[in-house]
Each structure stands twice: as structure tokens, then as C-alpha cells.
Amino acid sequence: MSKEITSRETDYAQWYNDLVIKGELADYSAVRGCMVIKPYGFALWENMRDALDRMFKETGHVNAYFPLFVPKSLFEAEEKNAEGFAKECAVVTHYRLKADPAQKGKLIVDPEAKLEEELVIRPTSEAIIWNTYKNWIQSYRDLPILVNQWANVVRWEMRTRLFLRTAEFLWQEGHTAHATQEEAVAETKQMLDVYADFVENWMALPVIKGVKTENERFAGAVDTYCIEALMQDGKALQAGTSHFLGQNFAKAFDVKFSDKENKLEYVWATSWGVSTRLVGALVMAHSDDQGLILPPKIAPVQVVIVPIYKGDEQKTMITKKVNEITSQLKAAGIRVKYDDNENARPGWKFAEYEMKGVPVRLAIGARDLEKNEVEVARRDTKEKRMVSADGVAEYIAVLLGEIQAAMFDKAKDFREANTRKADTWDEFVQILDNQGGFIAAHWDGTSETEDAIKEKTKATIRCIPIDNPQEEGKCILTGKPSVQRVLFARAY
RNA sequence: CGGGAGGUAGUUCAGCCCGGUAGAAUACCUGGUUUGGGACCAGGGGGUCGCAGGUUCGAAUCCUGUCCUCCCGACCA
């Protein structure tokens with residue numbers, strides 16, 4: 001009653017906004033294009049961040065922190081990268097404000113405090129990091145360098161959307177330096193696997209691993225690998241990228257090392273990142289018209305317990321039982337919340353926690369107490385069943401795993417049902433307009449054709465899947481020969 | 001950045017065309033009855049009408065500027 005969600009069918013974009021706002025993940029702010037991540041949304045991000053951070057450390061990486069500001073001369077050193085980002089950079093030109101002589105209580109930029117050299121606010125940190133690595137690397141013994149940083153970056157986007165594209169966002173960026181090309185390529189692929197593992201096993205979202213075409217490649221990279229996920233409206237979303245940078249940055253920043261034969265060589269580099277955009281992907285992939293549906297492994301609250309009682313006496317008895325159950329759940333490492341707030345009635349709480357996507361809800365009333373039972377409701381399927389209070393912690397531990405798996409399977413079924421082959425242009429356009437999803441189709445391999453297809457249909461090549469089967473065919477647009485199908489989709 | 005829509009109570013919105021005491025629902029506070037899917041009754045508090053100028057005796061309302069949001073488009077490694 002108090003919180004209505006626009007249905008997906010009515011307006012998918014509005015549905016998404018409603019979930020983010022009413023699910024209390026984020027708020028709009030007074031700054032154009034920037035959002036406030038609210039405590040519930042941040043708790044979700046923290047769970048994602050912590051899981052990823054552990055995975056990075058398990059693969060030998062360490063965290064560090066580099067400056068927010070990048071001197072313009074450093075930023076422009078790697079030309080392609082600089083050009084790629086130039087249009088969306090925020091730039092600091094002054095370092096002081098002063099009282100406005102014309103208007104009391106107002107401030108103006110002090111024209112005498114102009115910076116000698118402008119500072120670019122990092123849209124990504126390759127420049128400042130490679131300028132630093134130059135000082136860290138002399139010998140092959142200094143390699144590899146396997147550093148990650150958790151940071152904010154700024155990209156001055158024309159059109160923003162909560163989590164999916166904001167002017168400032170949080171992410172992690174890994175930047176590694178290696179003695180050989182083989183090692184750098186292996187690192188690039190390893191981190192792609194880490195991302196795929198995380199998104200599939202923690203976020204319950206199946207992804208396709210692939211390589212970007214030249215058009216979609218990171219500026220400054222030799223190869224860009226990506227994981228692509230499919231949202232419920234049939235649009236694709238890039239969930240993470242991993243770049244093999246070759247020696248481009250080493251050459252731009254003159255980073256050389258002496259190898260075992262005492263020969264000077266440029267180092268080989270990678271970079272890889274995922275951002276708070278993943279939160280947007282999570283929302284769009286799993287949720288329904290009643291609200292968010294969060295996978296148990298990253299849900300801030302995994303189990304909420306709602307008491308149903310008449311009078312203090314019943315509440316006391318129920319609370320006593322709940323405390324037993326709560327401590328069992330906590331002992332099993334389950335994140336549980338007991339909502340005994342007296343101002344809200346049970347029905348209201350049920351709706352509220354459905355909105356916020358809590359995977360499992362327990363309801364306990366006087367009736368249940370007599371029978372030593374609790375009602376267990378799962379968010380993803382809305383199924384409810386009575387379970388004996390004695391084994392409820394074990395039951396829930398298993399149930400959380402089932403929910404996690406069911407959410408992945410559901411998303412995977414959806415993706416498979418929405419991945420189609422197209423062999424003719426008409427077929428391609430028909431699928432795009434009527435069904436969306438991924439389309440596997442032949443392409444002649446040229447940028448011009450990719451641009452032309454984008455121009456006509458707004459679909460782009462999301463990736464060339466890794467281990468893509470080779471198959472003779474003809475480009476859907478030009479009819480020229482092709483050796484493999486690539487994955488097209490309209491994308492976020 | 002172009003086109004469209006919007007900003008009035010914590011929230012959703014009416015009022016604006018045609019200037020004259022700022023409203024409703026909900027939320028909130030107090031008391032009571034309630035509590036198994038968004039309770040009910042009674043009483044009460046709360047708004048510089050996004051911000052800044054202007055017109056006017058008088059502006060939420062008319063004019064100008066500006067900020068923020070949404071949708072569509074362009075753009076988006």
C-alpha cells in the first residue's frame with residue numbers, strides 16, 4: 001500500500017528505479033549523475049567486495065592505493081587510452097576559493113589560484129600507476145607486480161542510471177606487470193575466470209566469457225576479455241573486463257627491466273575491473289514485481305524472523321524461542337535479523353522484506369509455539385512450509401544453498417531460452433525487435449560491418465565467446481565468408 | 001548535449017490555465033483497541049511550494065535564469 005512498484009511489463013526502466021529506491025539500495029543526490037549508496041545497498045556491495053577481495057588475495061594479489069588526481073601530462077602519455085577517455089574527464093584547474101566581493105556569503109574560484117598543470121580526476125588509474133611502477137621495476141626479480149586497488153573513479157557521463165552508469169562509481173582495478181607476454185596473457189585470463197566464478201557462484205548470474213572486437217576494446221589494450229550477462233528485458237550487460245595491455249603502457253611510461261641475460265625489455269601488463277554496476281546487474285537479473293530477490297551468499301540479511309503475537313506474554317514466549325533459533329543460525333554462520341518492532345504488523349513486515357529481497361523469512365506465532373514449528377518462506381519462489389523448530393537451523397542452512405542454486409538455474413534457463421541463432425538479416429532483425437536476448441550470427445570480421453549493424457539495429461557484438469566453435473558461414477549483413485558465429489545483443 | 005515530462009508536508013500527489021488564508025491520502029506523534037499478508041478509532045504536530053531574480057498592492061500560480069530527477073535520443077574503453 002505504501003510502496004508500489006511499477007511492474008516490469010508496464011515500464012521496465014521504472015521498475016528498476018523503483019527497486020533501487022524502494023529497496024533502499026541508493027538515493028539520488030544533489031550532484032548531477034551521482035548517487036548516494038544507502039546502508040542496505042552498501043552492505044550488499046561490501047559482501048560482494050569482500051568475496052572478490054578474498055579471491056584476489058588467493059590468486060596472489062595485494063591491495064594498494066594510488067591518488068585520485070592524475071597530472072594531465074601523465075594522463076596523456078598513453079595516447080589511445082587518453083583519447084578514449086578525454087571526452088568524459090573531470091578536470092581540476094584551481095586550488096582555492098575566496099569570498100565573492102560582489103555577494104556577501106558567496107564564494108568564487110580564486111583566479112590567482114590556477115594550477116600550473118591541470119589535474120585529471122582518474123577515470124581509471126593506468127597512468128598514475130604505470131608512472132609509479134617505473135620506479136618499482138628494475139630487474140626481472142621485481143616481477144611480477146600483482147596489485148589491486150579499491151577506489152572511486154569519475155567519468156562524466158551524459159546520461160546516468162542508478163548503479164548502471166553514474167558519474168562517480170566504486171570499483172576495483174587490478175594492475176599487473178609481468179616479465180613475459182605468456183604470463184601476462186595467463187593473468188588476464190585467470191582474472192576473467194575469477195570474475196566469472198564470482199558472478200556465477202556468488203551472484204547466481206550465469207555469464208559468457210569472451211573477447212571483445214576491436215570496436216569494443218579498451219583503449220590502450222591489445223585484447224579485452226569480458227563476461228557478459230543477460231538481463232530480464234533481453235538486454236546484455238558487461239559485468240566485468242580483463243585487459244591484456246601488451247607493452248603499450250610500459251612503452252608509454254618507459255618501464256623496462258633487466259632479464260636474466262641482462263637485456264633490457266619492456267614489461268608486459270594487464271588490468272581488470274568490476275564496479276558497483278554489478279549491483280545493477282544483480283537487481284535486473286533476479287528481481288520480480290514484488291521487489292528485490294537477492295542471492296543468499298551476498299544478501300546483507302539472509303534470514304529475517306517475524307514474530308506474530310497477541311499481547312506481551314505471547315511476545316515474551318516467542319522471543320525466547322526466537323533467541324534459541326537465532327543463536328543456532330548465527331552459530332552456523334547465517335546472517336539473521338529478528339524484527340520485533342511493535343510498530344509494524346506482520347503483514348507489513350512480510351511485504352517490506354520481500355521488497356528488500358531477504359532470501360528466507362521465518363514467521364513464529366503462538367500456534368506454532370504449541371506445535372514447536374516455524375513457518376519458513378522463501379523469497380525466490382514464494383513457497384511456504386512448516387518446519388519443526390528443532391532442526392530449523394540445519395534446514396535453513398540447506399535451504400539457503402538451494403535458493404542460491406535455484407536462482408542461478410533460473411537465470412541460466414532464461415539466458416538459454418533467449419539465446420538464438422540467426423542466419424539471415426531478416427531473422428536477425430526479427431529476433432532483436434520481438435524477443436531480444438543474445439543472437440549468435442556470422443559476421444565478416446570487419447569494424448565497418450559491425451558499425452553498420454549497430455547503426456541499423458543498435459545491436460553490438462558483445463563478445464566472441466572463448467573456445468567458440470569454428471563454423472563456415474556467411475555474414476548476416478554483407479554475405480561475406482565467416483569462420484564463426486559471434487554474440488550480438490542490445491546492451492546496457 | 002538535443003527533445004519531452006517533472007520538482008508543493010517524510011512519501012505519493014492535487015492546487016497553477018484564470019494571482020488573494022497552502023490542501024488530501026499516507027507516514028509521523030499521543031491514547032486506546034489490535035496483530036497468521038501492507039489494521040482501526042479519536043486527538044495532534046509538520047511545508048522558506050527546488051533555488052535565485054523579476055512583474056505586482058499581493059506570486060505555489062505570471063516572466064527570466066539556474067539546479068536536480070525521470071523518459072527518449074546522441075554519447076558511453
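Numbers restart at 1 for each chain; the letters A, B, ... are given by sequence-line order, proteins then strands.
Checking rC76(B), rA74(B), rG38(B) against every side-chain atom of Arg165(A), the shortest atom distance belongs to rC76(B). For Arg361(A), the listed nucleotide lying nearest its side chain is rG37(B); candidates were rC76(B), rG37(B), rC70(B). Relative to the side chain of Ala13(A), the nucleotides rU35(B), rC71(B), rC75(B) differ in distance, and rC71(B) lies closest. Side chain of Met355(A), nearest nucleotide from rC1(B), rG38(B), rG73(B): rG38(B). Among rU69(B), rC76(B), rU35(B), the nucleotide with an atom closest to any side-chain atom of Tyr28(A) is rU69(B). The nucleotide whose nearest atom lies closest to any side-chain atom of Met158(A) is, among rA74(B), rC76(B), rG38(B), rA74(B).
Remark on RNA chain B: of its neighbouring residues Phe169(A) and Met386(A), the 5'-side contact belongs to Met386(A), judged by nearest-heavy-atom nucleotide. Summary of the strand contacts: Asp11(A) and Ala30(A) both lie near RNA chain B, and taking for each the nucleotide with the nearest heavy atom, the more 5' one is attributed to Ala30(A).
A 3.5 Å limit on both hydrogen-bonding distances identifies rA42(B) as the Watson-Crick or G-U partner of rU30(B). If you check rC16(B) for Watson-Crick or wobble pairing at under 3.5 angstrom, you find it has no partner at all. Base pairing of rU69(B): its partner is rA5(B), meeting the Watson-Crick or G-U wobble criterion (both donor-acceptor distances under 3.5 Å). Pairing for rA25(B) is with rU11(B), a Watson-Crick or G-U wobble pair whose two hydrogen-bonding atom distances lie under 3.5 Å. rA52(B) and rU64(B) make up a base pair, with Watson-Crick or G-U wobble contacts both under 3.5 Å. Nucleotide rU35(B): unpaired (no Watson-Crick or G-U wobble partner with both distances less than 3.5 Å).
Judged by distance alone with a 3.5 Å cut-off, no donor-acceptor contact links the side chain of Arg159(A) to the base of rG2(B). Taking 3.5 Å as the limit, the base of rG37(B) and the side chain of Lys384(A) contain a donor-acceptor pair of atoms between them.
In this structure, Glu375(A) reaches the bases: a heavy-atom distance under 4.0 Å links it to at least one base atom across the strands shown. Thr124(A) comes within contact range of no nucleotide atom at all, as no heavy-atom separation falls under 4.0 Å. The residue Glu354(A) sits close to a base: some heavy atom pair falls under 4.0 Å. No engagement by Gly273(A) is indicated, since no non-hydrogen atom pair under 4.0 Å with the nucleic acid exists. Note on Ala221(A): nothing from the nucleic acid sits closer than 4.0 angstrom, heavy atoms only.
Side-chain N/O atoms of Thr176(A) and Thr270(A) include a donor and acceptor closer than 3.5 Å. Between the side chains of Ser388(A) and Tyr395(A), no donor-acceptor pair of N or O atoms lies under 3.5 Å. Side-chain polar atoms of Thr10(A) and Ser7(A) form a donor-acceptor pair below 3.5 angstrom.
In this entry the distance linking CD of Gln14(A) with C1' of rG6(B) reads 12 Å, nearest Å. With rounding to whole Å, Leu237(A) atom CG is found 17 Å from rC76(B) atom P. Here the P atom of nucleotide rG37(B) and the CZ atom of Arg378(A) are 21 Å apart, to the nearest Å. Taking atom CD1 on Ile308(A) and atom C1' on rU34(B), their separation rounds to 14 Å, with Å as the unit. Atom pair Lys212(A):NZ and rC76(B):P shows a separation of 14 Å (rounding to whole Å applied). Distance Arg32(A) CZ to rC1(B) C1': 10 Å, rounded to the nearest Å. Residue Asp27(A) contributes atom CG, which lies 14 Å from atom P of rG10(B) at whole-angstrom precision. Following rounding to the nearest Å, Tyr309(A) (OH) and rA39(B) (P) show an atom-to-atom distance of 13 Å.
Side-chain nitrogen and oxygen atoms of Asn17(A) include at least one within less than 4.0 Å of the OP1 or OP2 phosphate oxygen of rC71(B). Side-chain N/O atoms of Lys458(A) include one lying less than 4.0 angstrom from OP1 or OP2 on rG73(B). Proximity of Arg345(A) to the phosphate of rG36(B): a side-chain N or O atom is located under 4.0 Å from OP1 or OP2.
One P atom belongs to rG15(B), the other to rC62(B), and the distance between them is 12 Å to the nearest Å. Spacing of C1' atoms, rU69(B) relative to rA27(B), comes out at 22 Å, to the nearest Å. For rA59(B) and rU8(B), the C1' atoms lie 14 Å apart once the distance is rounded to whole Å. With both ends at atom C1', the span from rG43(B) to rU64(B) equals 46 Å, rounded to whole Å. Distance noted for atom C1' between rU33(B) and rG46(B): 26 Å (whole Å). Going from the P atom of rG20(B) to that of rU11(B) covers 26 Å, rounded to whole Å. Comparing the C1' positions of rA9(B) and rC49(B) gives an interatomic distance of 10 Å, to the nearest angstrom. If you take atom P in rG31(B) and the same atom in rG37(B), they sit 27 Å apart, rounded to whole Å.
By the 4.5 Å heavy-atom criterion applied to side chains, Val92(A) and Glu118(A) are not counted as neighbours.
Because its NZ or CZ atom is not both nearer than 6.0 Å to the ring centre of Tyr225(A) and within 45° of the ring axis, Lys189(A) does not count as a cation-pi partner of that residue.
Annotation: Phe218(A) is not in aromatic contact with Trp272(A) [ring centroid separation under 6.0 Å not met].
Across Phe75(A) and Ala82(A), no two heavy atoms sit closer than the pair O-CB, 3.4 Å.
Side-chain atoms of Arg32(A) never come within 3.5 Å of backbone atoms of Ala167(A) as a donor-acceptor pair (strictly under, hydrogens ignored).
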